[in-house]
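A note on names: the letters A, B, ... follow the listed sequences, proteins ahead of strands, and every chain is numbered from 1.
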Amino acid sequence: MTTPMVKFDNVTKSYGALTVLDSLDLEIAPNEKVAIIGPSGSGKTTVLRMLMTLERINDGVIYVDGEPLTHMQKNGSLVPADERYLRRVRGNIGMVFQHFNLFPHMSAMKNCMEAPIHVLGLSKKEATERAAELLDMVGLGDKKDQYPSQLSGGQQQRVAIARALAMRPKVMLFDEVTSALDPELVGEVLNVIRRLGTEHNLTMLMVTHQMGFAKEFADRVCFFYGGKIAEQGKPDKIFSNPEEERTRQFLSAVLEAG
Amino acid sequence: MFWDWNYVWEITPTLLRASVVTIQATLLGFLLAAVLGLVLAILRMSKTGWISVTAAGFVEFIRSTPVLIQIFFIFFVFPEFGIVLPAMAAGVIALGLHYGSYCSEVYRAGLENVPKGQWEASTALNLSPYITFRDIIIPQAIPPVVPALGNYLVALFKETPLLSAIAVLELMQTAKILGSQSFRYVEPITLVGGFFLVMSLVAAAFIRQLEAYLNRTLRNPGGAR
């Protein structure tokens, strides 16, 4: 097997006495699209946040593209990564948040240029071209100079996707990216993600409540329950013929509501 | 005669010259306070324990002692340690330190009000801590606290007469000298009071303009939400 793009090796995360993720093992192949579903509190968002290095892990190691992410080599052994090391390896990963988290004092264009200029060292001209190209791709070529407050939620989320892509990550994380949107705006964001999946070589992990989208888009669905993967497999299998009782209960509850 | 207009015209040029010193002390002191306050506020947010504790301790110490004592300390006690400062410099530093501590609390409130998501987005984009502060956090943290900072500017301005205690020739000291020369205190002291009143009102109006400007350009450039 080729080197997995993302590998969780026995990863545990807890807040005090509360264990959010319990000895998680998960391997994701390059280019694979993985949907993470599960009830709230099951640890699914934590998976993304640890991978983005927004949360420190308590035990285990996360690898990205064969290189340790949470740890670094020092005198032949793995020690927890320091901030400098994190800044070097974090660039492989991009994240889109539930609440967009755009920079409100910058135009759509500037949002997409800030990191390429200051982190990748692009010239202003190169950054402008790349940002314009990406905003075109997400269908916002005509909104380049608008500020977040002038955009709808769906448009803001598409800017956020363009902003993350501007950093050329190998892995893209989507954390409930349509949950804060009005229903009529969900489609435009999912369409952009769909296009990314077909037109770009990207490994994608998404935490989602859009079961229809997960079924159609993902190569694999992981059902999280109580900090563990309770069941995983091809979307057809998980959605039409789940083995676990908990998966069945969750799906019927979600589908009933949705 | 209780009020002598001729005397007023006679001393006005002298007082106006002294007011330049008052304004200089105010602006330099506040510049120091504004910069130092921001530095202290950022240090207090440090994840390194001793840095944030030291910054917090410094702020508490300065805020809990009278500014007059700080002025005296810098002017009269520092020379014992070989640091001899002109009166004006000692006064400006004392006012800057004192109000810098107050400003740091204001900045801290502003910094803490920036949503966590902004920090997380900055991390996700791999921005360095310096760029995160400079381009993302500070432009959002400062506009909301400009009115509070402005209050401290006016407060510092009104405390500059304390510098007369170390013989800085600012307005108050000049008024006292004029009074003692002519034995007429009514006019100089009244004029000084009037000057402070007018300048405070002007400063307050300026701060309101600045606040509106910052809100337009930095915080919410797009306008409506």
Side-chain angles (χ1 to χ4, degrees), chain A residues 45 48-49 51-56 83-84 86-108 110-121 143 145-151 156 159-160 163-169 171-175 180, chain B residues 38 41-52 107 109-147 149 210-225:
Chain A
T45 287
L48 301 192
R49 293 178 58 83
L51 198 45
M52 193 64 258
T53 69
L54 296 174
E55 310 268 355
R56 296 243 161 195
E83 191 52 37
R84 227 172 92 203
L86 284 178
R87 286 211 63 215
R88 192 168 72 68
V89 289
R90 193 149 52 199
N92 287 327
I93 302 162
M95 182 160 179
V96 183
F97 297 88
Q98 181 176 359
H99 296 288
F100 332 135
N101 298 354
L102 289 180
F103 305 133
H105 56 300
M106 296 183 184
S107 66
K110 284 268 158 51
N111 262 281
C112 299
M113 290 167 62
E114 177 73 12
I117 288 177
H118 293 297
V119 180
L120 302 181
K143 304 273 184 198
D145 299 318
Q146 306 274 301
Y147 286 87
S149 60
Q150 297 168 314
L151 299 172
Q156 289 188 55
V159 174
R163 178 175 73 171
L165 286 174
M167 296 300 285
R168 302 263 156 95
V171 183
M172 277 284 277
L173 311 177
F174 297 88
D175 185 15
Chain B
L38 186 57
I42 291 173
L43 290 180
R44 280 191 79 167
M45 295 174 76
S46 167
K47 284 186 200 113
T48 314
W50 67 267
I51 294 179
S52 64
Y107 282 121
L111 291 168
E112 282 172 358
N113 264 330
V114 176
K116 212 170 125 229
Q118 295 290 308
W119 293 94
E120 294 188 342
S122 303
T123 303
L125 291 169
N126 216 358
L127 296 175
S128 69
Y130 170 69
I131 295 290
T132 301
F133 268 109
R134 194 194 70 182
D135 289 2
I136 311 302
I137 303 302
I138 289 176
Q140 296 182 64
I142 299 217
V145 300
V146 162
L149 291 176
L210 180 66
E211 185 196 357
Y213 169 77
L214 288 174
N215 269 335
R216 269 198 317 276
T217 55
L218 281 181
R219 193 152 56 132
N220 189 11
R225 176 184 291 266

Engaged part of [X] at the chain B interface, taking heavy atoms whose separation is under 4.5 Å:
X	result
A:Phe103	both
A:Leu54	side chain
A:Leu173	neither
A:His118	side chain

Check: Do any of residues 112-119 of chain B have a heavy atom less than 4.5 Å from a heavy atom of chain A, and if so, which, in residue order?
Finding: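 Residues B:Lys116, B:Gly117, B:Gln118 are the ones that qualify, each having a heavy atom under 4.5 Å from chain A.
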If you round to the nearest 0.5 Å, how far is [atom2] of [Y] from [atom1] of [X]?
X	Y	atom1	atom2	answer
A:Lys110	A:Ile117	NZ	CD1	8.0 Å
B:Ile137	B:Thr132	CD1	OG1	6.5 Å
A:Asn101	A:Met95	CG	CE	8.5 Å

Check: Does some side-chain heavy atom of A:Glu83 sit less than 4.5 Å from a side-chain heavy atom of A:Arg90?
Finding: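 A side-chain contact exists here, since the closest heavy-atom pair is under 4.5 Å.
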Item checked: Side chain to side chain, B:Ile42 and B:Ile138, heavy atoms closer than 4.5 Å ->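 Answer yes - side chains close enough.
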Notebook entry, point to check: So which of B:Ser122, B:Pro129, B:Ala124 has the largest heavy-atom pair count under 4.5 angstrom toward chain A?
Noted result: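 The residue among B:Ser122, B:Pro129, B:Ala124 with the greatest pair count is B:Ala124.
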Check: Which residues satisfy the side-chain hydrogen bond (donor to acceptor under 3.5 Å, both in side chains) test with A:Asn92, sequence neighbours excluded?
Finding: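 With sequence neighbours excluded, A:Asn92 shows a side-chain hydrogen bond (donor to acceptor under 3.5 Å, both in side chains) to no residue whatsoever.
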Check: Are the side chain of A:Gln150 and the backbone N or O of A:Tyr147 linked by a donor-acceptor pair below 3.5 Å?
Finding: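 Confirmed, A:Gln150 side chain pairs with A:Tyr147 backbone.
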Note to self: One thing to verify: whether B:Glu120 and A:Arg49 come together as a salt bridge, which I'm taking to mean a side-chain N less than 4.0 angstrom from a carboxylate O.
What the structure shows: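 Here A:Arg49 pairs with B:Glu120 in a salt bridge, since their nearest N and O are under 4.0 Å apart.
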